[in-house]
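Since this is a predicted model, take the numbers as computed values, not measurements. A note on names: the letters A, B, ... follow the listed sequences, proteins ahead of strands, and every chain is numbered from 1.
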Protein chains: 2
Amino acid sequence: MRGNFPGAPKSKATIADVARTAGVSTATAGRVLGGYGYTSEKKREQVLKAAQDLGYRPNSLARSLITGKTRTLGVVAGDIQNPFYASVLRGISNVAEANGFGLLITNSDETQLKEVHSVELLAQKQVDGLIVTPSDTRKARHLHNLRTVGVPLVLIDRAVAGLMVDRVATDNIAAAEHAVRQLIAAGHRRIAIVAELVDEGSGGLDTFLARAVAGDPIETDTLYPSWQRLLGYIRAHRIEGLPVDQRLILQAGSYSALAAQAVVPRLMIASDPPTALFTTDGTMSEGAMRALTELKLSIPQDLSIICFDDLDWMSFHRPGITTVAQPRLAMGEAAARMLLERIRGEDYPPRTVLMPAELIERGSVARL
Amino acid sequence: MRGNFPGAPKSKATIADVARTAGVSTATAGRVLGGYGYTSEKKREQVLKAAQDLGYRPNSLARSLITGKTRTLGVVAGDIQNPFYASVLRGISNVAEANGFGLLITNSDETQLKEVHSVELLAQKQVDGLIVTPSDTRKARHLHNLRTVGVPLVLIDRAVAGLMVDRVATDNIAAAEHAVRQLIAAGHRRIAIVAELVDEGSGGLDTFLARAVAGDPIETDTLYPSWQRLLGYIRAHRIEGLPVDQRLILQAGSYSALAAQAVVPRLMIASDPPTALFTTDGTMSEGAMRALTELKLSIPQDLSIICFDDLDWMSFHRPGITTVAQPRLAMGEAAARMLLERIRGEDYPPRTVLMPAELIERGSVARL
DNA sequence: CTCATATGTGAGAACGTTCTCGTTATGCAC
DNA sequence: GTGCATAACGAGAACGTTCTCACATATGAG
């Protein structure tokens with residue numbers, strides 16, 4: 001019953017076993033099986049036959065140990081379950097698979113501790129390259145160390161101060177600016193924004209606002225995406241000559257739909273409520289929608305909304321939700337491609353790919 | 001600038017390097033670094049110091065080659081991007097991480113060819129165990145082979161005929177039966193069902209229906225989930241003494257929201273349209289919702305609906321969508337735990353864990 | 001025929017660990 | 001002291017590949 005049809009692996013056959021039954025040396029067996037060096041047609045067939053009979057399956061561990069390459073990429077994502085990461089991962093997976101690479105995936109839950117663990121694990125497993133969405137844009141000793149060891153690294157979605165490596169992200173500032181300007185063009189004057197805006201010693205919302213509103217130069221690259229999108233929001237106001245009302249900036253404080261949901265109601269019961277809402281990512285969007293549903297507010301009659309990140313439900317929600325669509329799949333693919341280039345040894349200076357986002361207009365913004 | 005602070009890996013330090021600078025043999029260095037065998041406190045500190053200075057990082061490849069264990073699980077999922085798989089993967093990831101295991105993830109896109117490739121890749125990388133959602137419940141030579149080689153295997157969501165291995169799935173029949181009976185209890189008599197029902201030589205819908213309606217015994221384990229859920233639908237009708245109208249069974253024919261979307265409209269323009277709709281999974285639900293939105297049908301006034309699989313938007317959709325929630329995360333966790341037990345060598349007979357689904361009642365079904 | 005080049009083959013080292021085994025140190029009872 | 005277990009350590013094999021090298025044979029040019 002077990003393994004008695006041809007081609008079925010009996011147990012574990014090594015190259016030495018194959019060589020023995022084929023009557024050749026392990027060297028020649030290795031050559032035909034590994035596809036390197038010269039081999040005569042005759043021995044080739046003998047070896048192939050023997051391998052087939054024994055159900056030989058190469059052990060990539062041994063191969064990798066000697067070649068120094070594992071044909072495996074490591075990815076540390078925030079949370080596979082999150083649609084953003086799920087899509088990015090799919091993009092990475094697509095090009096990895098097309099190039100015969102495996103994918104070692106971990107979650108950081110946006111925490112530095114787990115990220116460090118993950119990177120360590122992946123490094124020990126000798127991945128050929130790493131794709132990371134860094135949880136901290138300032139201190140990242142573990143990522144710097146990676147560079148000195150020579151493991152190629154590509155960042156997604158966020159940058160790290162002082163870490164000059166390939167990076168792919170959405171052009172958050174431009175995308176947010178464009179979306180908010182659309183709201184303004186539709187006649188909205190009081191536009192709220194709900195963003196996580198976690199504050200990692202970056203000086204706090206007040207100072208940031210002061211500088212942004214004044215138009216002071218800001219180092220934008222190492223900003224977290226939600227801050228970048230807030231910046232776009234502010235710039236839109238500046239350009240259109242509108243004041244920024246800090247009471248309209250809802251700081252969720254953490255990357256969870258619940259936090260977003262909790263922060264919205266307080267806004268709508270204010271004396272001078274907004275006529276439009278801008279959310280800065282999928283998670284915030286979900287939280288905001290939950291809150292609006294609870295408040296029984298109608299879109300866009302009671303409140304217009306533009307979201308960030310195009311989630312499945314936005315297209316069949318009634319009304320359709322106007323949103324800024326990030327090319328998530330393409331971002332993953334681009335990151336993986338860049339990483340593979342580095343692994344192949346190509347030696348450009350570090351590249352930053354800012355991908356354009358697309359504003360998909362549906363029915364969630366009213367003209368005033 | 002590069003690696004000149006303590007603890008930073010200079011390049012690649014091996015155990016031999018550490019041993020040399022610590023003035024001990026590679027054997028003792030290995031003992032303290034690997035945490036096996038006896039070591040004196042004095043040499044322990046010497047070695048640890050040396051390892052720290054050199055930035056030593058163990059090479060798990062070499063370790064795995066000799067121990068025969070990689071501490072890595074392989075997963076072949078249908079599509080990481082799909083919320084069902086994304087959650088299951090997160091569950092697997094949780095227990096893998098808690099046990100110090102890595103995760104090698106691939107997509108099969110529900111196709112046998114890619115599944116075979118994936119399994120081959122993962123086997124070559126010497127994963128300690130495999131979790132698979134098999135794309136074909138009948139022929140699966142590659143999975144049988146796996147068993148003869150001795151790689152532990154756990155199936156999720158679907159079984160394979162004749163393959164006696166651990167398995168975790170939702171109790172689809174009971175869940176669907178319960179949901180449909182709820183609809184009937186609410187007064188619905190004409191209930192449509194939209195399911196993928198891909199037909200892998202299983203005799204087709206007609207024969208299946210004939211047997212199911214007659215109450216003939218059916219081998220349910222190796223049925224695809226959508227067929228199981230259809231069976232639950234039929235049983236609910238039988239129990240409640242209602243006839244099954246084949247025209248109300250919408251066969252999408254493939255696992256995509258588009259296919260589901262395409263198949264719904266034809267139903268609603270029929271002479272005797274249903275008053276309720278039951279969808280058999282998240283993807284079908286999405287497609288159906290898209291179609292209903294296009295048709296401008298109001299839920300639950302024009303049509304009641306119960307979905308399968310609790311997607312994010314169902315809770316904040318207006319009205320809330322009543323749905324059968326599968327414990328996706330828990331399924332992944334259970335599968336991973338079972339796999340780890342097998343890897344540890346525990347030798348039960350093959351177990352099948354059927355997890356109960358929960359009917360979450362929201363506002364999408366009207367009482368007639 | 002001779003030399004050069006290309007093709008084919010095998011023995012054995014190498015990759016970086018863990019494991020086996022033999023040897024030496026240490027401690028303790030008598 | 002002796003005896004004897006146990007602790008501590010090192011030399012070298014092993015894991016399953018690829019790589020290096022030396023060598024054998026074939027092919028072609030002159």
- Message: Quick check on the helix from C:dC1-D:dG30 to C:dC30-D:dG1: what's the angle between its two end axes, five base pairs per end, to the nearest 10°?
- Response: 40°
- Message: Tell me which residues in residues 61-69 of chain B lie within less than 4.0 Å of DNA chain D, going by non-hydrogen atoms.
- Response: B:L65, B:I66
- Message: I need the CG-P distance between A:N59 and D:dA14, as an integer number of Å.
- Response: 18 Å
- Task: Check the distance between D:dT17's C1' and B:Q126's CD and give it to me in whole angstrom.
- Result: 11 Å
- Message: From CZ of A:R57 over to P of D:dC15, roughly how many Å is that when rounded to an integer?
- Response: 20 Å
- Query: If each of A:P58 and B:T28 is mapped to the nucleotide of DNA chain D with the nearest heavy atom, which maps nearer the 5' terminus, i.e. the 5' end?
  - Reply: B:T28
- Item | Phosphate OP1/OP2 of C:dG8: any A:Y36 side-chain N/O under 4.0 Å | no
- Examine C:dG10: is either OP1 or OP2 under 4.0 Å from a nitrogen or oxygen in the side chain of A:S25? Give yes or no. yes
- Query: Taking only N and O in the side chain of A:Y38, is any of them less than 4.0 Å away from OP1 or OP2 of C:dT5?
  - Reply: no
- Message: If you compare every side-chain N and O of A:K43 against the phosphate oxygens of C:dG10 (OP1, OP2), does one of them come in below 4.0 Å?
- Response: yes
- Does B:R90 pair with B:E333 as a salt bridge, N-O distance under 4.0 Å? no
- Query: Do the charged groups of B:R342 and B:D166 touch, with an N to O distance under 4.0 Å?
  - Reply: yes
- Please confirm whether any donor atom in the side chain of A:R31 sits under 3.5 Å from an acceptor in the base of C:dG10, or the reverse. yes
- Please report, rounded to the nearest Å, how far the C1' atom of D:dG16 is from the CZ atom of A:R20. 13 Å
- Item | Short N-O contact, B:K114 and B:D109, less than 4.0 angstrom | yes
- Query: Without hydrogens or angle criteria, can the side chains of B:T70 and B:S64 be said to hold a donor-acceptor pair below 3.5 Å?
  - Reply: no
- Less than 4.0 Å between a side-chain N and a carboxylate O, is that true for A:R167 and A:D221? yes
- Query: With the threshold set at 4.0 Å, does a side-chain nitrogen-carboxylate oxygen contact exist between A:E120 and A:K125?
  - Reply: no
- In Å, rounded to the nearest 0.5 Å, how long is the span from CG of B:L122 to CG of B:L73? 10.5 Å
- Message: What I want to check is whether the side chains of B:Q81 and A:S87 have a donor and an acceptor closer together than 3.5 Å.
- Response: yes
- Sugar-phosphate only, base, or nothing, as touched by A:T39 at under 4.0 Å among non-hydrogen atoms: sugar-phosphate
- Considering heavy-atom distances to DNA chain C, does A:T26 or A:S40 have its closest nucleotide positioned more toward the 5' end? A:S40
- Task: Consider only side-chain N and O atoms of A:Y85 and A:N107, and report whether a donor and an acceptor are under 3.5 Å apart.
- Result: no
